[in-house]
Amino acid sequence: MNQIDAIIQSINDFREERNWGEAHNPKDLAISLSIEASELLEDFQWKSSEQAIEQNIDNIKDEIADVLIYAFTLSSVLELDVEEIIREKIKKNGIKYPVKK
């Protein structure tokens, strides 16, 4: 089991111990992912990047973790291989945005 799979398993175990599985359908997970991303944006609103990081680094870390948790949970519910879909997307981006020399 690679590190990503181990993290996803920990997230799934946490969810199952609390019987949250029923609420974790793809639509609601996508909504929650968007909400958490918006909460991350709030840490940067009306500040420079430097100010936001200086003032909010602990909350920024928490919000990034929430975003990743929901993304990993959604991937798990949809039975997607996170490593595979990231590699595929990087490949697509390489074609879409080639290096200009």
Side-chain angles (χ1 to χ4, degrees):
M1 179 180 289
N2 65 39
Q3 287 183 328
I4 293 174
D5 290 336
I7 290 169
I8 292 170
Q9 186 60 55
S10 295
I11 294 166
N12 288 344
D13 290 346
F14 184 90
R15 178 188 65 201
E16 294 310 314
E17 289 166 357
R18 288 152 182 80
N19 296 315
W20 291 350
E22 189 175 303
H24 284 186
N25 61 75
K27 175 193 70 83
D28 289 329
L29 289 167
I31 289 168
S32 296
L33 176 58
S34 179
I35 290 168
E36 294 301 337
S38 295
E39 290 178 7
L40 175 60
L41 284 173
E42 285 182 328
D43 286 324
F44 291 91
Q45 188 176 27
W46 315 122
K47 299 173 184 78
S48 68
S49 291
E50 294 78 15
Q51 289 172 320
I53 292 165
E54 183 180 311
Q55 295 171 10
N56 301 314
I57 191 63
D58 289 335
N59 198 62
I60 288 168
K61 290 190 288 188
D62 286 346
E63 297 304 338
I64 290 171
D66 287 340
V67 167
L68 291 170
I69 288 167
Y70 278 116
F72 286 157
T73 302
L74 179 57
S75 297
S76 178
V77 167
L78 295 174
E79 298 181 0
L80 302 174
D81 181 320
V82 172
E83 187 175 349
E84 180 182 320
I85 63 175
I86 290 172
R87 290 185 191 282
E88 287 175 4
K89 183 60 178 173
I90 290 170
K91 206 179 291 185
K92 287 179 186 177
N93 285 346
I95 294 167
K96 187 174 180 179
Y97 306 106
V99 175
K100 296 178 182 172
K101 295 185 178 193

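Side chains are part of it too, since the values below use all heavy atoms of this structure and drop only hydrogens, waters and symmetry mates.
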Quick check for you: to the nearest 0.5 Å, what is the distance between [X] atom [atom1] and [Y] atom [atom2]?
| X | Y | atom1 | atom2 | answer |
| --- | --- | --- | --- | --- |
| Met1 | Ile7 | CE | CD1 | 11.5 Å |
| Leu74 | Ile69 | CG | CD1 | 13.5 Å |
| Leu68 | Ser75 | CG | OG | 10.5 Å |

Would you kindly confirm whether [X] and [Y] end up in one hydrophobic cluster when ILVMFWY residues are joined by side chain heavy atoms under 4.5 Å apart?
| X | Y | value |
| --- | --- | --- |
| Tyr70 | Phe72 | no |
| Ile57 | Ile64 | yes |
| Ile8 | Ile86 | yes |
| Ile11 | Val82 | yes |
| Ile85 | Val67 | yes |

For residues 32-46, which side-chain N or O atoms pair as donor and acceptor with protein atoms under 3.5 Å away, sequence neighbours left out?
{"from": "Ser32", "atom 1": "OG", "to": "Asp28", "atom 2": "O", "distance (Å)": "3.0"}
{"from": "Ser38", "atom 1": "OG", "to": "Ser34", "atom 2": "O", "distance (Å)": "3.1"}
{"from": "Asp43", "atom 1": "OD1", "to": "Asn59", "atom 2": "ND2", "distance (Å)": "3.1"}
{"from": "Asp43", "atom 1": "OD2", "to": "Asn59", "atom 2": "ND2", "distance (Å)": "2.9"}

For salt bridge (charged side-chain N to carboxylate O under 4.0 Å, His left out), just list the numbers for Glu83 and Arg87, CA-CA rounded to whole Å, side-chain angles, deciding distance to a tenth of an Å, and then say yes or no. CA-CA 6 Å; Glu83 187 175 349; Arg87 290 185 191 282; 2.9 Å; yes
Which atom pair, heavy atoms only, marks the closest approach of Asn12 to Ser76?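 Reported closest heavy-atom pair: ND2-OG, 2.9 Å.
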Atom of Val77, atom of Leu29 and distance for their closest heavy-atom approach: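 Closest heavy-atom pair between Val77 and Leu29: CG2-CD1, 3.7 Å.
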Is a donor from one side chain sitting under 3.5 angstrom from an acceptor on the other, for Gln9 and Asp5?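 No donor-acceptor contact under 3.5 Å links the two side chains.
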Please examine the side chains of Lys47 and Asn56, heavy atoms only from C-beta on, and report whether any two atoms are closer than 4.5 Å.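 When only atoms from C-beta onward are counted, Lys47 and Asn56 do touch, with a gap below 4.5 Å.
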